[in-house]
Number of protein chains: 2
Amino acid sequence: MNLNSPADHGKEGSGGASCPMDFILRMLMGPWTTYIVYNLRTFGPQRFGELKRRVAGISAKMLTERLRTLEGAGLVRRDYEATIPPKVTYSLTARGHELDEVLGKLAEVATRWQAEDAAARALKAAE
Amino acid sequence: MNLNSPADHGKEGSGGASCPMDFILRMLMGPWTTYIVYNLRTFGPQRFGELKRRVAGISAKMLTERLRTLEGAGLVRRDYEATIPPKVTYSLTARGHELDEVLGKLAEVATRWQAEDAAARALKAAE
DNA sequence: CAGGATCCCAGTGGATACTG
DNA sequence: CAGTATCCACTGGGATCCTG
């Protein structure tokens, strides 16, 4: 969109109470973030390569970038071990788990809607 | 990202239980959707023009597109009155309110984090 | 192994003009 | 008023190559 646009926030409806959303939505942008959080929770702390393999299709560039953002927001922890070859482990912080929980709720309603729609279609097809 | 990419979902971590997320995240993509839902809930059913004025900065094109998507997903209802000039009213459906609720939770944690961070910074600046 | 640097294309979305 | 249609600039992100 464009965050630098002059008259954007804090005016009327858009701004006000919902503005922290900007932050969190930028967090979630691209399905990648969700997948990363999901995998970190499901498979526990893991290394860059593992994560990359699990989040099928993501490029190293993207993974790095998203992890940095997540780290900056305090959702993910990065542990660097300067061995050769280096070993970097990522894990969810308390905040990360909190986000995961809310995402779980989203997934829940999404799943239910999907099921409802499927049922509705089946009904319509059968008549 | 690219949903058509061959080996993407249903493989390992990424796919499986979290896949309905794809749907809902595509829904939320761009802060616009959130703002639209937020405004429809806060200010009630309203016309295209009103909504456009409230969601400051959005283009007609975007607003139309997002509303169509929301409508397709059953989150928003569109009532068309073929008067001259035409009058179109948009409102949240039950699902729309459900989404709004979950978004509220997101906003809640985002707000708290923001406050925590601010407090931490203040503490650090004061020492 | 983890990731920085570069190049480059495709899709996203804004601006503008037009219509039922 | 509520869009649709067209054009175009910008950038997100993949591919590739390189390094500590």
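Chain naming here is simple, since letters A, B, ... match the order of the sequence lines and numbering starts at 1 in each.
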Whole-Å distance separating the CZ atom of B:R66 from the C1' atom of C:dG13: 10 Å
Please determine whether the number of non-hydrogen atoms from other residues, nucleotides or ligands lying under 6.0 Å from atom CZ of B:R77 exceeds 12. no
Mind calculating the distance between CD (A:E65) and C1' (D:dG14) to the nearest angstrom? 12 Å
Across all chains, not counting sequence neighbours, the side-chain contact (heavy atoms from CB on, under 4.5 Å) partners of A:A115 are none
Enumerate, atom names and distances included, each donor-acceptor pair closer than 3.5 Å involving a side-chain atom of residues 118-127 of chain A, sequence neighbours excluded.
none

I need the OH-C1' distance between A:Y35 and D:dG13, as an integer number of Å. 16 Å
Rounded to whole Å, please give me the gap between CD1 in A:I58 and P in D:dG12. 15 Å
What protein N or O atoms touch nucleotides 3-7 of chain D N or O atoms at under 3.5 angstrom, if any, and at what distances?
residue: D:dG3; atom: OP1; partner: B:R68; partner atom: NH2; Å: 3.4
residue: D:dG3; atom: OP1; partner: B:R78; partner atom: NH1; Å: 2.3
residue: D:dG3; atom: OP2; partner: B:Y90; partner atom: OH; Å: 2.6
residue: D:dT4; atom: OP1; partner: B:R68; partner atom: NH2; Å: 3.3

Could you tell me how far apart B:K52 (NZ) and D:dC1 (C1') are, to the nearest whole angstrom? 13 Å
Would you mind reading off the distance between A:M62 atom CE and D:dA15 atom P, rounded to a whole angstrom? 12 Å
Would you say B:R47 places a side-chain N or O within less than 4.0 Å of OP1 or OP2 belonging to D:dC1? no
Could you list the residues that satisfy side chain to side chain donor-acceptor pair (under 3.5 Å) with A:R68, not counting sequence neighbours? none
Can you list every pair that meets side-chain hydrogen bond (donor to acceptor under 3.5 Å, both in side chains) and has a residue in residues 40-49 of chain B, with sequence neighbours left out? B:R41-B:D100, B:Q46-B:R54
Using modelled atom types and a 3.5 Å cut-off, is there a donor and acceptor pairing between side-chain atoms of B:K52 and backbone atoms of B:I58? yes
Give a yes or no on whether a salt bridge exists between B:E116 and B:R112, defined as a side-chain N under 4.0 angstrom from a carboxylate O. yes
Does B:W32 have a side-chain nitrogen or oxygen under 4.0 Å from the phosphate oxygens OP1 or OP2 of C:dT12? no
Please report the end-to-end axis angle for the helix from C:dC1-D:dG20 to C:dG20-D:dC1, five pairs per end, rounded to 10 degrees. 50°
Could you state the CD1-C1' distance from B:I84 to C:dG20, rounded to the nearest angstrom? 8 Å
Would the distance check show the side chain of A:T93 and the main-chain N or O of A:L75 forming a donor-acceptor pair, the cut-off being under 3.5 Å? yes
A:L103 versus A:T34, closest heavy-atom pair with distance: CD1-CG2, 3.8 Å
Nearest whole Å is fine: how far is C:dA2 C1' from A:I36 CD1? 15 Å
